[in-house]
Amino acid sequence: MSNLNIEFGKVKFKNPVITASGTFGFGREYKEIYDIDILGGISTKGITKEKRDGNTGMRIYETSSGIMNSVGLENPGVEGFLKDEIPFLEKLNTNIIVNIGGACESDYLYAIEKVSETNIDMIELNISCPNVKAGGMAFGIKTKDARQIVKSARRVTNLPLVVKLSPNAEDIVDIARACEEEGADGLSLVNTFKGLAIDIEKRKPIFENIYAGVSGPSIKPMALRMVNEVYKNTNIPIMGMGGIMNATDAIEFIMAGSTCIQVGTANFVNPRIAIDIIKGIDDFMEKEGIKSLEEIIGII
């Protein structure tokens, strides 16, 4: 194999392929299908301070080129996560990235402090969560709000901190810069786009929350553009994602500026897709005589 090792800040990855939050659970189900230690890393299902049952009604809806989801951050809460999931995750031979969300700043900080007491490798701060104290607007929409939550998070953990950016932001480059200025060690982008689906027979939205997150191949060109814009305007590494369905897509994201990539919706199409992507990147490097991924990060 080629040298697929890569350093994301101070964290070493055996390869750049990470399974995206919300699409891989905590890895238990996929471990029954293949050896998940092969992965560069796993980004866990989003964890919040309290246990959440998630949204009612339709949760997943297939589109012509991807899916829409309104799961609502269903998770066992940080205490349940520490009790039931961390022991399993700490035994894996891959990097563990814990995705954390919250409805207000104190919720984020509580979960971050708790998780920081474990042996995980990194925290992924999901700032696409609706801030209840700001009328439900996501933390990642306005630069001011994003700056504040990252600044506070940085104060309560010494773990590497990656901030997951929303494509629905007013100015994603401005927000990325603010995250860097407040001490983020890296960025992951993009999260899902806000979309709408309608049941024409019932004359009403498919989802009870009306709008839902769009992911899959349809968002790839926009996600790729945003990764490249952020790469050109910041100095911290990026985990790129958004419609990566195969190795070619993954390589495009690396060439646009991603140090690592995350695979999400594709896991639902082919549960073994991460293995195929790792092999595909390796085959491409062999064919092109590329000795290290560093040679092609941001090469365009």
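Positions are given from 1 along the sequence. Small disclaimer: the values here were computed from a predicted structure and weren't measured.
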Within-4.5 Å side-chain heavy-atom neighbours: [X] and [Y]:
X	Y	value
I172	V190	yes
I86	I120	yes
S43	K164	no
L293	I290	no
M122	N95	no
R177	T143	no
I297	I6	yes
N267	Y30	yes

Salt bridge (charged side-chain N to carboxylate O under 4.0 Å, His left out) partners of [range], not counting sequence neighbours, each pair once:
range	value
residues 288-300	none
residues 36-58	none
residues 233-253	K220-D249, K220-E252
residues 3-29	R28-E85

Could you pull out all residues at least two apart from F8 that satisfy ring pair (Phe, Tyr, Trp, His ring centres under 6.0 Å)?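 Once residues adjacent in sequence are excluded, F8 has no partner under the ring pair (Phe, Tyr, Trp, His ring centres under 6.0 Å) criterion.
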
Stepwise side chain to side chain donor-acceptor pair (under 3.5 Å) check, E124 with S188: CA-CA 8 Å; E124 183 176 52; S188 62; 2.8 Å; yes

Return yes if some donor-acceptor pair links the side-chain N/O of T48 with the main-chain N/O of G77 below 3.5 Å, else return no.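 No, the answer is negative, given that no donor and acceptor are paired below the 3.5 Å cut-off.
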
Strictly distance-based, threshold 3.5 Å: is any side-chain N or O of N15 a donor or acceptor partner for the main-chain N or O of I278?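 Here the side-chain-to-backbone pair does not exist.
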
Which pairs pass ring-ring contact (aromatic ring centres under 6.0 Å, His included) with one or both residues in residues 64-108, sequence neighbours excluded? F26-F81, Y108-F139

Got a second to check how far I206's CD1 is from T63's OG1, nearest 0.5 Å?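 Spacing of CD1 (I206) from OG1 (T63) equals 12.0 Å.
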
Spatial distance of atom CD1 (I238) from atom CD (Q262) [nearest 0.5 Å]: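 That separation rounds to 12.5 Å.
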
Side chain to side chain donor-acceptor pair (under 3.5 Å), paired with S215, selected from N69, T265, T23, T192: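 When side chain to side chain donor-acceptor pair (under 3.5 Å) is applied between S215 and each of N69, T265, T23, T192, only T265 qualifies.
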
Return the set of residues passing side-chain contact (heavy atoms from CB on, under 4.5 Å) with [X] (not counting sequence neighbours), or none when no residue passes.
X	result
I210	L196, P205
K114	V78, E79, L82, Y110
S218	S65, V214
T94	L39, I42, L92, I96

Testing the basics here: between C179 and V163, what is the closest heavy-atom pair and its distance to 0.1 Å?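 Looks like SG-CG1, 3.8 Å.
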
Note: M58 and F207 closest approach over all heavy atoms is O-CD2, 3.3 Å

Who are the salt bridge (Lys or Arg N to Asp or Glu O under 4.0 Å) partners of D185, not counting sequence neighbours?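 Per chain and number, D185 pairs via salt bridge (Lys or Arg N to Asp or Glu O under 4.0 Å) with R154.
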
Any side-chain donor paired with an acceptor under 3.5 Å for E105 and S152?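 Note: E105 and S152 side chains meet the donor-acceptor criterion.
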
Ignoring hydrogens and angles, state whether a donor on the side chain of E208 or S70 is under 3.5 Å from an acceptor on the partner side chain.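 There is no such pair between these side chains.
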
Test of understanding: with side chain to side chain donor-acceptor pair (under 3.5 Å), list the residues that count as partners of D276, not counting sequence neighbours. N270

